[in-house]
K.L.:
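This is the structure I want to talk about, given as structure tokens.
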Amino acid sequence: AKATEKGSFCFFTQDLTERAMRRLQIENDLHKAIDRQEFELVYQPIFELATGKIIAAEALLRWHHPEQGVINPVDFIHIAEETSMIVDIGEWVLREAAKEAMHWHEEIGKTLRISINVSARQFRNHEIHEALARVYSEIGQPGFNIELELTENLVMRNPEKAEDSLDLLRDMGVHLAMDDFGTGYSSLAYLRRFPFDMIKIDKAFVDDLGRNKEAEAIVRAMLELGRALGLRMLAEGVETELQRAFLAREGCDEVQGFLFSRPCSVEKFRQMLIEDKG
Ligand code: C2E
Ligand code: CA
Ligand code: CA
Ligand code: CA
């Protein structure tokens with residue numbers, strides 16, 4: 001028994017060491033990733049349910065690591081957050097996405113909302129406000145249909161301070177969306193006070209539509225709440241026709257998910273816009 005314990009202990013520490021090493025490696029490589037142009041934004045279309053037209057896109061980050069291939073955000077965003085690298089990366093994302101939306105507007109004749117994910121670290125010390133001001137002056141068009149997505153946990157950490165920061169962002173002309181709604185801690189009192197334009201219902205609830213009566217009741221209640229507060233409602237992670245039909249019936253405004261499209265490269269998304277009859 002002792003040998004086994006010792007053995008498993010060794011295995012455990014080795015595993016931990018490997019993980020720590022990998023983390024350190026990612027941290028080191030992240031520092032160079034912007035300069036080496038290893039980041040890419042992919043765009044997932046967002047559709048208006050009533051018309052089926054593309055009305056927005058969410059920009060999602062991909063990292064082309066020289067040795068490890070494509071790394072998804074779940075495997076590096078938290079490290080970028082902890083080391084503050086997210087501030088520079090986040091500004092890169094904002095600039096890149098805003099420029100791309102200008103291209104759609106000017107070259108393709110499609111004016112879409114462009115949604116960008118904002119992390120807690122960018123929001124805390126007004127880094128996002130400063131980045132936004134810089135990007136506006138570069139593209140020469142304040143407010144250009146930019147939407148910032150913030151999670152409820154992010155804003156509920158310090159709701160009084162968040163309210164001021166959100167009001168400031170709103171004054172800068174951006175749209176605000178509450179991301180992953182229903183998964184974190186939220187307060188109805190603050191939902192009313194915060195200047196959000198839109199709520200994104202988390203995929204976890206959408207997954208259970210058609211399978212689970214409670215999930216259906218919750219989504220129905222969320223949509224009702226959104227209507228009462230005058231917010232646009234989006235359902236994310238829509239994968240089946242059954243889910244789409246439920247959301248359409250219940251009056252959800254917008255949808256996003258693999259049923260319609262996966263996130264696309266710049267080139268593929270541009271092609272999709274050219275072909276979209278909207
Ligand atoms: P999120 O903001 O909730 O983004 C939606 C995620 O769900 C994306 O994963 C998207 O590819 C995926 N998705 C969309 N539709 C479906 C579907 O129908 N089924 C399934 N299974 N998945 C779907 P992705 O791109 O891996 O991003 C994961 C998370 O990483 C994002 O979650 C967001 O929190 C974060 N993230 C991505 N890009 C950025 C960024 O530029 N900055 C920051 N701070 N965070 C980012
Ligand atoms: Ca998001
Ligand atoms: Ca989300
Ligand atoms: Ca307010």
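All values below were derived from every heavy atom in this structure, side-chain atoms included, with hydrogens, water molecules and symmetry-related copies excluded. Both counts, for ligands and for their atoms, begin at 1 and track the order of listing.
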K.L.:
Return yes when at least one protein heavy atom is under 4.0 Å from atom 18 (O) of ligand 1, and no when none is.
P.N.:
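Answer yes: something from the protein, a heavy atom, is under 4.0 Å.
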K.L.:
Can you name the atoms of ligand 1, numbered from 1 with element, that are less than 4.0 Å from a heavy atom of Val238?
P.N.:
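Counting atoms of ligand 1 from 1, those under 4.0 Å from Val238 are 18 (O).
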K.L.:
Quick one: nearest non-hydrogen protein atom to atom 6 (C) of ligand 1, plus distance?
P.N.:
Leu60 CD2, 4.8 Å
K.L.:
Salt bridge between Arg22 and Glu18, side-chain N to carboxylate O under 4.0 Å?
P.N.:
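No, no charged N to carboxylate O under 4.0 Å.
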K.L.:
Could you walk me through whether Leu61 and Leu41 pass side-chain contact (heavy atoms from CB on, under 4.5 Å), step by step?
P.N.:
CA-CA 5 Å; Leu61 192 57; Leu41 285 185; 3.8 Å; yes
K.L.:
So Trp104 and Tyr43, would you call those rings parallel, tilted or perpendicular, with 30° and 60° as cut-offs?
P.N.:
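Trp104 vs Tyr43 ring planes: perpendicular.
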K.L.:
Can you tell me if Glu267 and Gln271 form a side-chain donor-acceptor pair at under 3.5 Å?
P.N.:
no
K.L.:
Could you tell me whether Lys213 atom NZ has more than 12 heavy atoms of other residues or ligands within 6.0 Å of it?
P.N.:
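12 or below, so no.
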K.L.:
List ligand 1 atoms under 4.0 Å from Glu58, heavy atoms only on the residue side.
P.N.:
2 (O), 4 (O)
K.L.:
Does at least one non-hydrogen atom of Lys200 fall below 4.0 angstrom from an atom of ligand 1?
P.N.:
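Distance cut 4.0 Å: Lys200 fails for ligand 1.
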K.L.:
Classify the contact between Gln256 and ligand 1 as side chain, backbone, both or neither, using a heavy-atom distance cut-off of under 4.0 Å.
P.N.:
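None of Gln256 does.
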K.L.:
Is there a polar contact, in the sense of an N or O pair closer than 3.5 Å, between Glu149 and ligand 1?
P.N.:
no
K.L.:
Is atom 25 (O) of ligand 1 touching the protein, meaning some protein heavy atom lies under 4.0 Å away?
P.N.:
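So far as the 4.0 Å threshold goes, atom 25 (O) of ligand 1 is in reach of a protein heavy atom.
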K.L.:
What N/O/S atom of Asp179 is the closest to the Ca ion (ligand 3)?
P.N.:
OD1
K.L.:
Nearest to atom 44 (N) of ligand 1 by heavy atom, Pro73, Ser119, Ser115: which?
P.N.:
Ser119
K.L.:
Side chain or backbone of Asn117 under 4.0 Å from ligand 1, or both, or neither, by non-hydrogen atoms?
P.N.:
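Asn117 to ligand 1: contacts from backbone and side chain alike.
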K.L.:
With side-chain contact (heavy atoms from CB on, under 4.5 Å) as the test, would you mind laying out the steps for Ile218 and Asp208 before giving the verdict?
P.N.:
CA-CA 10 Å; Ile218 290 172; Asp208 282 342; over 6 Å; no
K.L.:
Is the contact between Leu41 and ligand 1 made by the side chain, the backbone, both, or neither, using heavy atoms and a 4.0 Å cut-off?
P.N.:
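It is neither; nothing of Leu41 touches ligand 1.
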K.L.:
When the ring planes of His126 and His129 are compared, do they come out parallel, tilted or perpendicular, using 30° and 60° as the limits?
P.N.:
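Ring orientation, 0 to 90° scale: tilted.
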K.L.:
Quick one: look up the protein heavy atom nearest atom 15 (N) of ligand 1 and list residue, atom name and how far away it is.
P.N.:
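I find the closest protein heavy atom is Gln44 NE2, 3.1 Å.
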K.L.:
As a test of the contact definition, would atom 30 (O) of ligand 1 count as having a protein heavy-atom neighbour under 4.0 Å?
P.N.:
yes
K.L.:
Where's the contact between Lys203 and ligand 1, heavy-atom distance under 4.0 Å: side chain, backbone, both or neither?
P.N.:
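For Lys203, only side-chain atoms sit under 4.0 Å from ligand 1.
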K.L.:
Leu259 vs Arg244, test: side-chain contact (heavy atoms from CB on, under 4.5 Å). Steps then yes/no.
P.N.:
CA-CA 9 Å; Leu259 176 66; Arg244 190 205 64 79; 3.8 Å; yes
K.L.:
Any N or O of Glu239 that comes nearer than 3.5 Å to an N or O of ligand 1?
P.N.:
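There is such a contact, yes.
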K.L.:
Could you list which atoms of ligand 1 come closer than 4.0 Å to a heavy atom of Gly257?
P.N.:
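Those atoms are 15 (N), 18 (O).
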K.L.:
Below 3.5 angstrom, do we get any N/O pair linking Leu61 and ligand 1?
P.N.:
yes
K.L.:
Can you tell me which portion of Ile77 lies within the under-4.0 Å heavy-atom range of ligand 1? Options are side chain, backbone, both, or neither.
P.N.:
side chain
K.L.:
Enumerate the atoms of ligand 1 whose separation from the nearest heavy atom of Asp179 is less than 4.0 angstrom.
P.N.:
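Counting from 1, the qualifying ligand atoms are 2 (O).
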K.L.:
For Gln243 versus Gly237, what's the shortest heavy-atom pair and its separation?
P.N.:
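Looking at all heavy atoms of both residues, the closest pair is OE1-O, 4.0 Å.
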K.L.:
If you measure from each non-hydrogen atom of Asp180 to ligand 1, which part falls under 4.0 Å: side chain, backbone, both or neither?
P.N.:
side chain
K.L.:
Would you call Arg227 and Glu250 a salt bridge, using N to O less than 4.0 angstrom?
P.N.:
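No salt bridge links Arg227 with Glu250.
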K.L.:
What is the name of the N/O/S atom of Glu58 that is nearest to the Ca ion (ligand 2)?
P.N.:
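Result for Glu58 and the Ca ion (ligand 2): OE2.
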K.L.:
To the nearest 10 degrees, how large is the angle at the Ca ion (ligand 3) between Asp180 OD1 and Glu236 OE1?
P.N.:
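With the Ca ion (ligand 3) as the vertex, OD1 (Asp180) and OE1 (Glu236) sit 140° apart.
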K.L.:
Do any nitrogen or oxygen atoms of Asn72 lie less than 3.5 angstrom from nitrogen or oxygen atoms of ligand 1?
P.N.:
no
K.L.:
Quick one: does Arg62 get a heavy atom under 4.0 Å from ligand 1?
P.N.:
yes
K.L.:
Would you say Pro263 contacts ligand 1, with heavy atoms under 4.0 Å as the rule?
P.N.:
yes
K.L.:
Do the side chains of Ile46 and Val219 join up, straight or via other hydrophobic residues, at under 4.5 Å, putting them in one cluster?
P.N.:
no
K.L.:
If you compare all heavy atoms of Phe181 against all heavy atoms of Ser186, which two are closest, and at what distance to 0.1 Å?
P.N.:
CE1-OG, 4.1 Å
K.L.:
Please find the N/O/S atom of Glu149 nearest to the Ca ion (ligand 2) and write down its name.
P.N.:
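Distance check against the Ca ion (ligand 2) picks out OE1 in Glu149.
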K.L.:
Looking at Glu254 and Lys200, is there a salt bridge between them, counting it only when a charged N and a carboxylate O are closer than 4.0 Å?
P.N.:
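So Lys200 does not pair with Glu254 through a salt bridge.
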K.L.:
Side-chain donor-acceptor pair under 3.5 Å between Glu58 and Asn117, yes or no?
P.N.:
yes
K.L.:
Taking only Lys NZ, Arg NE, NH1 and NH2, and the carboxylate oxygens of Asp or Glu, determine whether Lys32 and Glu38 approach each other closer than 4.0 Å.
P.N.:
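No.
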K.L.:
Looking at Arg170 and Asp167, does any basic side-chain N land under 4.0 Å from a carboxylate oxygen?
P.N.:
no
K.L.:
Does Asn117 bring an N, O or S atom to within less than 3.0 Å of the Ca ion (ligand 2)?
P.N.:
yes
K.L.:
From atom 12 (C) of ligand 1, is the closest protein heavy-atom distance below 4.0 Å?
P.N.:
no
K.L.:
Which heavy atom of Phe246 sits nearest a heavy atom of Arg220, and at what distance?
P.N.:
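Answer, listing the atom of Phe246 first, then Arg220: CE1-NH2, 3.6 Å.
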K.L.:
After noting the C-alpha distance and the side-chain angles of Phe194 and Met156, does the key distance pass the side-chain contact (heavy atoms from CB on, under 4.5 Å) rule?
P.N.:
CA-CA 10 Å; Phe194 289 149; Met156 288 310 300; 4.0 Å; yes
K.L.:
Numbering the atoms of ligand 1 from 1, which are under 4.0 Å from a heavy atom of Val93?
P.N.:
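Answer for ligand 1: 41 (O).
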K.L.:
Among all the protein's heavy atoms, is there at least one whose distance to atom 9 (O) of ligand 1 comes out below 4.0 Å?
P.N.:
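So far as the 4.0 Å threshold goes, atom 9 (O) of ligand 1 is out of reach of every protein heavy atom.
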K.L.:
Of all the non-hydrogen atoms in the protein, which one sits nearest to atom 16 (C) of ligand 1, and at what distance?
P.N.:
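Ranking protein heavy atoms by distance from atom 16 (C) of ligand 1, first comes Phe258 CE2, 3.2 Å.
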